[in-house]
Amino acid sequence: MRKHIVAGNWKMNNDLAQTETLISELKHQIKTSNAEVMIAPTATNLWQAYQTLKDNTVIEVIAQNMHFAENGAYTGEISASMLKSIGVNTVILGHSERREYFNETDDILAKKVDAALANNMRVIFCFGELLEDRKAGNEETVVGNQIKNALFHLKAWDFKNIVLAYEPVWAIGTGETASPEQAQDMHAFIRKTIADQYGYEIANDVSILYGGSVKPGNAKEIFSKPDVDGGLIGGASLNAEDFFAIVNAF
Ligand code: PEP
């Protein structure tokens, strides 16, 4: 079902003590919300974060990444069933940093999506164009291909566990944000891309988040656009007050 979602991607930030501090600040600030609220601490702190929030009905603890294999000789990796076993039911896949620094291709991401869905996990699937793609006017082609290559082997019903996150790479961590109009145009294109393959009933049900330098000062305007269902927040999710203000933009 299409929902408003605000998810904080903490990336490789916050040790255990810092994780506990930030969670207790968030618990204090975010008592209710008109959006689903998620935080993605680093893997070593997921268990503690889950334990601290398991009776909290507002904030869900999610993972930043996982491997596609169920288990085996993949040193340093974690699997979907490992995440499930500590209470984590949602995973971010395809973040541009994973694509750029860890060579995650569309093929690898398709396998990861399959593994997550096979374990009844929800996926926040990220994609977005580079600055050079946008300058060349190729942003829709790039985004359309990222979606098709990693997701179009899925069955229509799989989309109940898929959340899409459009994150133009040029806007991530740069302080540069897509304008609300640029975000809306791309989100409408993304919804149409899903509709062309699966029909509007499915497409209208999918939540499409925007990510890229969302801050308290711009969240409301971006979230007001009809095809923007929420945000994936990096830097601003590391500050409880800023994250709270973004959640409150709904
Ligand atoms: C992100 O990394 O997903 C992100 C959107 O980062 P930032 O908000 O810092 O641009």
Side-chain angles (χ1 to χ4, degrees), residues 4-14 18-19 22 26 30 35-43 45-46 49 59-66 90-104 109 112-113 116 122-131 133-134 139 142-143 146-147 150 162-180 182-184 186-187 190 207-223 225 227-250:
H4 291 153
I5 296 172
V6 178
N9 174 13
W10 291 6
K11 311 192 184 187
M12 197 173 73
N13 292 296
N14 291 336
Q18 290 164 328
T19 296
L22 184 49
L26 290 172
I30 308 176
E36 275 192 39
V37 181
M38 305 171 184
I39 55 167
T42 196
N45 298 327
L46 282 171
I59 306 171
E60 180 185 350
V61 176
I62 70 171
Q64 298 177 15
N65 179 39
M66 51 162 251
T90 302
V91 62
I92 299 170
L93 294 176
H95 192 280
S96 64
E97 288 150 17
R98 300 287 323 168
R99 292 176 190 260
E100 184 181 351
Y101 305 136
F102 302 96
N103 303 320
E104 292 196 359
L109 291 169
K112 289 190 174 201
V113 169
R122 182 161 56 158
V123 173
I124 299 182
F125 184 73
C126 307
F127 49 85
E129 81 282 2
L130 303 172
L131 184 58
D133 301 321
R134 185 158 278 265
E139 64 272 17
V142 170
V143 163
Q146 287 172 323
I147 293 172
I162 300 282
V163 171
L164 301 175
Y166 168 58
E167 300 204 298
V169 179
W170 48 272
I172 296 180
T174 58
E176 189 142 341
T177 321
S179 69
Q182 283 174 319
Q184 168 55 28
M186 183 56 90
H187 282 224
I190 293 162
S207 301
I208 309 177
L209 315 185
Y210 169 80
S213 299
V214 176
K215 306 274 181 248
N218 59 23
K220 214 179 181 98
E221 209 188 339
I222 295 173
F223 294 170
K225 294 295 173 192
D227 285 298
V228 178
D229 302 308
L232 183 55
I233 319 299
S237 71
L238 295 170
N239 177 290
E241 262 179 45
D242 286 353
F243 192 58
F244 176 59
I246 293 170
V247 168
N248 261 355
F250 275 114

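Atom set for the values below is all heavy atoms of this structure, side chains included, hydrogens, waters and symmetry mates excluded. Numbers here simply count residues along the sequence, with the first being 1. In listed order, ligands and their atoms are each counted from 1.
Here the rule is side-chain contact (heavy atoms from CB on, under 4.5 Å) with Ile92, and of Asn65, Val163, Val123, Leu232 only Leu232 fits it. Checking Glu100, Arg99, His95 one by one against Glu97, the side-chain contact (heavy atoms from CB on, under 4.5 Å) holds for a single residue, His95.
At a 4.0 Å heavy-atom cut-off, the residues surrounding ligand 1 are Asn9, Lys11, His95, Glu167, Ala171, Ile172, Gly173, Gly211, Gly212, Ser213, Leu232, Ile233, Gly234, Gly235, listed by chain and number.
For the residue pair Trp10 / Gln64, no side-chain donor-acceptor distance below 3.5 Å is found, with atom types taken as modelled. Thr90 and Glu60 share a donor-acceptor pair across their side chains, judged by distance under 3.5 Å alone.
Atom-to-atom distance recorded for Lys11:NZ and Thr42:OG1 is 12.5 Å, nearest 0.5 angstrom.
Residues forming a side-chain hydrogen bond (donor to acceptor under 3.5 Å, both in side chains) with Gln184 (at least two apart in sequence, or on another chain): Asp227.
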